[in-house]
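Computed over heavy atoms, backbone and side chain alike; hydrogens, waters and symmetry mates excluded. Numbered from 1 within each chain, the chains take letters A, B, ... in sequence-line order.
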Amino acid sequence: MRIAVAAGAGDGGELRPLDEDGSPAGPAYAVADLAGEIAARERADAPRWVWASSARLYPRLLRAGVRVARCHDLELVENLLLGHAGRYGEPRSVRAAWARLHGLPVPPDPPPSQEAPAHAAQASLFGDDDGERAAPSDDLGQVVEVHAAQQRAVAGLDGFALLAAAESAGSLVAAELGHDGLPWSAAEHDALLTELLGPRPSGGLRPRRLQELADRIGAAFGPRTHVNPDSPAQILKAFAAAGLPIPSTRAHVLKRVDHPAVPLLLEYKELARLHAAHGWAWLDTWVRGGRFRPEYVVGGVVSGRWATNGGGALQIPRVLRRAVVADPGWCLVVADAAQLEPRVLAALAGDRAFADAAAHGDLYEALSDAFRSDEATGGLSARAKAKLALLSAMYGGGTGEAVQLLGVLKSRFPDAFEYVEAAARAGERGRLVRSLLGRTCPPPSAGWRELTLAADDEGDPPDPSAAEGVRRPATAAQALRSRGRFTRNFVVQATAADWALALLGSLRRRLTALGPPRLVFFQHDEVIVHAPAELADAVTEAVRASAEEARRLLFGATPVAFPMEIAVVDRYADAK
DNA sequence: GAGGGAGGCGCG
DNA sequence: AAAGCGCGCCTCCCTC
């Protein structure tokens, strides 16, 4: 059973029961308390809720204490359908979708980010929690019509029903992650910063440790020399003046330079980044009541990975993991899909030998026999060679010694090799590639087509569009290779995202059955569940069962295993 | 003073 | 030793 929902401008809204195919199964009706009505119908029927956008609607329900099991997120599904049709980036709102159905002018999507938590404090000045109440109310007729059209479209595309359901489940998870928050100890965070940087400085001053390093860096270049270590340009100049010209100030470049300033600079860079990106200012902005509440953006990455809006939740430095601490009597179940992308390739390609190697344990170790005899890459262990070959195949690398290793991969695991090669060739021809469930890569830009059509053999002209200021490959050959690397990687990364989404949906359902445990973190191939300590084993089992369910949903009877590395800990830093 | 590109680095 | 894919977000520094 499905129920379409249109949120009103205030607390009310309109609803209408639907059949699976989207046709109305009863009359529309209005209610004054939408959250209350949804709670009641959820208890009675647990329908699949059909609404414009979980990101806009569901936080309001969560604040009212209402959780739902299933939904159909029209904006996210519209986005998937548009992408599949090669119309990536067209407006995805219900209004826009409805206009397209009727051949009417399509309104642009409202600019994102107005509902970001960072702006919530500002918005509340105007009596507005996070902007959703100010949004114009949904039109129930449009919701019903767009949903029916989507159901027809989805039914005609292989895998898409699962993709739409998984993306929608993801939208519920994302809102719940933002609502529940990651347990975060401000005291631990502050202690770590103080340990590494010195006490919190007042004003905009550098912390003591950074100032010391900055002074010593200047002194290393000469008496009374002043170099701002935050300025790559000044650092380059200082090294040039010292007779050591360097192409950039990246850490790996500096490491090869013999100069007393180098170790100081490397330490400065590391600490300065921690201070700037995750220092006291971050703590003040993002942590409230012992929780870090990032805003996840489902489908924020073309491959189907999630992005976040502010707070950098997907880039939390490893040193800060000691600030992620379970509540007393609770634990963190930290679970990580081991070697997910090469396993996905193994399952996708149906390469018998490769899939057998991926059937259990350490995939790279299992493959390493094939690379043991390779002489070309001296120092590396056979396992390291196997890993390098795989990464090169999936990322489109393969310069230098990796060329040799790719040759081994090609001869020993031809189907796996061919799978990514075919994706690369498709990309170079300007074609679209898709994940297993049908998520589709964006088409190449007009500039790419122009460049690659204009000069399709060697001797490419310099890029005439450079004047536009857009960073572009200089030659057609570069553009082609770049696009090939993108599509080559897309098929693997996007199918890994399919799998992760299926995992999340399954795990969410199992955790709901357990009661108190909550998903509190998700990062591409890793989840954290916050649970009462006595439920740790049950949660661990739920994670394993979910990984297995995701494998079966995507790949059926593949021999490829998707093992989870799971740790039950008090703090995130103690996992692996 | 805002805006944005470049350089750099955090995560997977 | 580094590189090949996908991101967000910091500071610097230049342009408008």
Interatomic distance where CG belongs to A:L405 and C1' belongs to C:dA2 [whole Å]: 14 Å

Please state how far atom NE2 in A:H278 lies from atom P in B:dC9, giving the value in whole angstrom units. 16 Å

Measuring from A:F354:CZ to A:R343:CZ, what's the distance to the nearest 0.5 Å? 9.0 Å

Given the side-chain rings of A:F221 and A:H259, with only the six-membered ring counted for Trp, is the space between their centroids under 6.0 Å? yes

Is the NZ atom of A:K387 crowded by more than 12 outside heavy atoms at less than 6.0 Å? no

Using a 4.0 Å heavy-atom cut-off to protein, can you give one letter per nucleotide of nucleotides 6-16 of chain C, 5' to 3': B if the base is in contact, S if only the sugar-phosphate is, - if neither? BSBSSSSS---

With sequence neighbours left out, write down each residue that passes salt bridge (charged side-chain N to carboxylate O under 4.0 Å, His left out) with A:R209, or none if nothing qualifies. A:E212, A:E267

Do A:S368 and A:R372 get their side chains close enough for a donor-acceptor pair, meaning under 3.5 Å? yes

So, is A:S392 near the phosphate of C:dA3, with a side-chain N or O under 4.0 Å from OP1 or OP2? no

Checking all strands, does A:K269 fall into the base, sugar-phosphate, or nothing category for heavy-atom contacts under 4.0 angstrom? sugar-phosphate

What is the distance, rounded to the nearest whole Å, between atom CD of A:E421 and atom P of C:dC5? 14 Å

Contact class for A:L274 (heavy atom, under 4.0 Å): base, sugar-phosphate, or nothing? nothing

Are A:F292 and A:W282 close enough that their ring centers fall under 6.0 Å? yes

Using a heavy-atom cut-off of under 4.0 Å over every strand shown, decide if A:R318 touches base, sugar-phosphate, or nothing. sugar-phosphate

Rounding to a whole Å, what distance do you find between A:R343:CZ and B:dG12:P? 18 Å

Relative to its sugar, using the 90° cut-off around 0, the base of C:dG4 is syn

With a 4.0 Å cut-off on N to O distance, would you call A:E418 and A:K410 a salt bridge? no

Between C:dA3 (C1') and A:K387 (NZ): distance, integer Å: 13 Å

Any side-chain donor near an acceptor of the partner, A:E75 and A:N79, under 3.5 Å: no

Any side-chain N or O of A:R481 less than 4.0 Å from the OP1 or OP2 oxygen of C:dC5? no

Between A:K237 (NZ) and B:dG7 (P), how many Å, whole number? 16 Å

Between P of B:dC9 and NE2 of A:H252, the distance in whole Å: 8 Å

Read 5' to 3' with Watson-Crick or G-U pairs under 3.5 Å, [ ] for crossing pairs and | for partners on another strand, DNA chain C gives ....||||||||||||

Rounded to whole Å, CG of A:L391 lies from P of C:dA1 at a distance of 18 Å

Under a 3.5 Å threshold, yes or no: a donor from one side chain and an acceptor from the other, between A:Y268 and A:R216? no

